[in-house]
Number of protein chains: 2
Amino acid sequence: MGTELKSPEKPPDDARRNRLLDAALGVFLRYGFRKTSMDQVARAADVSRQGLYLHFATKEDLFLATLQHSMEVSLRLASEGLSDVSLPLEERLVRGFDAWVGRYVGMLGADARDLSEVLSASGVQEVATRHETLFLEAVAKLLRASGLVAAYKSTGLTARQLTDTLYATARGLKYSSGTREAFVQGIGVAIRALCMPLGASR
Amino acid sequence: MGTELKSPEKPPDDARRNRLLDAALGVFLRYGFRKTSMDQVARAADVSRQGLYLHFATKEDLFLATLQHSMEVSLRLASEGLSDVSLPLEERLVRGFDAWVGRYVGMLGADARDLSEVLSASGVQEVATRHETLFLEAVAKLLRASGLVAAYKSTGLTARQLTDTLYATARGLKYSSGTREAFVQGIGVAIRALCMPLGASR
DNA sequence: AATTGACAATCTGGGTCCATCTTGTCAAAT
DNA sequence: ATTTGACAAGATGGACCCAGATTGTCAATT
């Protein structure tokens with residue numbers, strides 16, 4: 001019976017927490033886990049170093065929370081893009097893959113190779129693959145619902161196979177694209193090619 | 001007017017040289033440039049260490065010759081696959097990409113990251129991109145000749161765009177496929193999807 | 001032509017020492 | 001709730017040395 005309204009999914013004190021996590025993401029992706037210091041993150045988030053410890057007990061805690069938060073944001077953005085019925089199919093797919101993969105293009109530094117090690121040394125790895133599965137299933141679902149899979153019926157290819165192919169393309173573009181714009185460009189071409197059987201309307 | 005026949009492109013003493021280069025390729029890809037010793041390569045090629053110096057002045061010479069040879073072999077195999085008119089289009093494309101990309105899946109070790117550094121620090125880098133261009137143009141040419149580009153006419157996509165998309169897919173599969181077989185499987189799916197507009201004829 | 005044995009010059013990896021940075025915690029102040 | 005200042009314990013990185021590996025070359029041998 002308080003006077004405040006609380007969103008059950010998002011406690012209000014998450015505003016600051018999210019700011020910290022967003023700042024941390026950029027630093028971690030650029031410099032990796034070891035070469036990133038709490039002081040560096042604190043300055044990026046414009047808080048004191050001790051302010052970080054007020055929310056995260058250790059550096060590893062901060063890191064894992066950062067990745068988890070990043071994945072949740074990516075999945076949410078991707079889902080929103082994929083399910084935006086006001087957009088044509090191609091655009092929905094582009095936004096989905098841009099949110100899930102393109103977001104990180106150009107953000108990874110050379111020292112960021114230890115991220116996956118720290119990640120796999122914790123239980124968050126499973127969260128990552130679970131979110132990945134959710135994203136891929138959302139894409140496959142959209143491909144089915146849009147009638148695209150039916151259009152590929154003569155090939156016998158499943159929605160999951162088409163999805164995996166598109167995902168492989170996205171991963172390939174991620175490593176060869178210098179900028180996010182180039183990635184969007186590339187995945188857009190791939191998606192247009194894939195969606196051609198539905199007719200190049202407009 | 002000797003009694004021997006000489007292929008003008010392949011001097012006969014290349015037999016031994018090629019054996020050395022093939023052996024060297026496997027070692028270099030697995031252990032990288034620095035962590036690979038001439039002794040290691042010599043043992044892999046079943047020759048003495050000094051036997052290597054009889055053909056290659058320095059370790060770097062051997063390395064660059066190895067990469068150049070490897071690219072030439074890949075390009076030759078890929079060209080043979082792409083131009084094999086006895087095969088259906090899909091199979092020709094699969095063989096092309098398998099020769100150009102799949103051949104190396106699973107062969108790269110964790111220490112092989114310094115290969116690109118040494119490569120870019122020499123003039124061979126240009127050879128690599130030139131061969132890559134030749135491969136991609138061969139693919140694009142096949143896509144045009146097969147009528148596939150025409151089938152995509154309504155999308156406005158060019159042969160080069162379709163080719164680049166397929167190449168991005170291949171690169172994505174390269175990093176996620178543990179084995180060459182898995183790669184061939186994946187690129188086969190992608191190619192079947194791409195070739196669908198020509199009809200899933202047998 | 002290729003091999004073995006041997007060689008000096010050089011490179012590499014391990015080890016130690018030590019100064020510096022970083023982490024995680026605390027009390028006092030706003 | 002957050003900040004500043006401060007702190008000990010521990011991690012990190014650079015300088016240095018040294019043993020062993022590696023490179024590139026040679027002469028003698030098949």
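Here is how names work: the chains are called A, B, and so on, in the same order as the sequence lines, proteins then strands, and each is numbered from 1. Because the structure is predicted, anything quoted here is derived from the model rather than measured.
Checked against dG24(D), dA2(C), dG24(C), the side chain of Leu54(B) finds its nearest nucleotide in dA2(C). For Met38(B), whose side chain is taken as the heavy atoms from C-beta onward, the closest listed nucleotide among dT23(C), dT3(D), dT23(D) is dT23(D). Taking the side chain of Ser48(A) as heavy atoms from C-beta on, and the options dT23(C), dT4(D), dA6(C), the nearest nucleotide is dT4(D).
A straight line from CD of Glu60(B) to P of dT22(D) spans 19 Å, rounded to a whole angstrom. As a whole-Å value, the separation of Asp114(B) CG from dC11(C) C1' is 15 Å. If you measure from atom CG of Leu62(A) to atom C1' of dG24(C), you get 13 Å, rounded to the nearest angstrom. Gln50(B) has its CD atom 16 Å from the P atom of dT29(D), to the nearest Å. Going from atom CG of Asp39(A) over to atom P of dT3(D) covers 13 Å, rounded to whole Å. Separating the CZ atom of Phe33(B) from the P atom of dT22(D) is a distance of 14 Å, rounded to the nearest angstrom. In this structure, Phe63(B) places its CZ atom 17 Å from C1' of dT23(D), rounding to the nearest Å. At whole-Å resolution of the value, CZ in Arg43(B) and C1' in dA2(C) are 18 Å apart.
With sequence neighbours left out, the side-chain contact (heavy atoms from CB on, under 4.5 Å) criterion links Tyr175(B) to Tyr175(A).
Within 3.5 Å, a donor on the side chain of Arg49(A) pairs with an acceptor on the base of dG24(C), or the reverse.
Under a 4.0 Å N-O distance rule, the pair Arg95(A)/Glu91(A) qualifies as a salt bridge. Salt bridge status for Arg76(A) with Glu80(A): present, with a side-chain N to carboxylate O gap under 4.0 Å.
One finds no side-chain N or O of His55(B) lying less than 4.0 angstrom from the OP1 or OP2 phosphate oxygen of dA1(C).
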| task | List the steps and the verdict of side chain to side chain contact (heavy atoms under 4.5 Å, CB included) for Leu75(B) and Glu132(B). | result | CA-CA 8 Å; Leu75(B) 186 58; Glu132(B) 187 178 51; over 6 Å; no
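Remark on DNA chain D: of its neighbouring residues Lys35(A) and Asp46(A), the 5'-side contact belongs to Asp46(A), judged by nearest-heavy-atom nucleotide. When the nearest nucleotides of DNA chain D are assigned to Gly51(A) and Ala57(B) by heavy-atom distance, the more 5′-ward of the two goes with Gly51(A). In terms of position on DNA chain C, the residue among Arg34(B) and Val47(B) whose nearest nucleotide sits closer to the 5' end is Val47(B).
Counting any heavy atom pair closer than 4.0 Å across all strands shown, Ser37(B) reaches sugar-phosphate atoms only and no base atom.
A cation-pi contact, defined as under 6.0 Å to the ring centre and within 45° of the axis, links Lys59(B) to Phe33(B).
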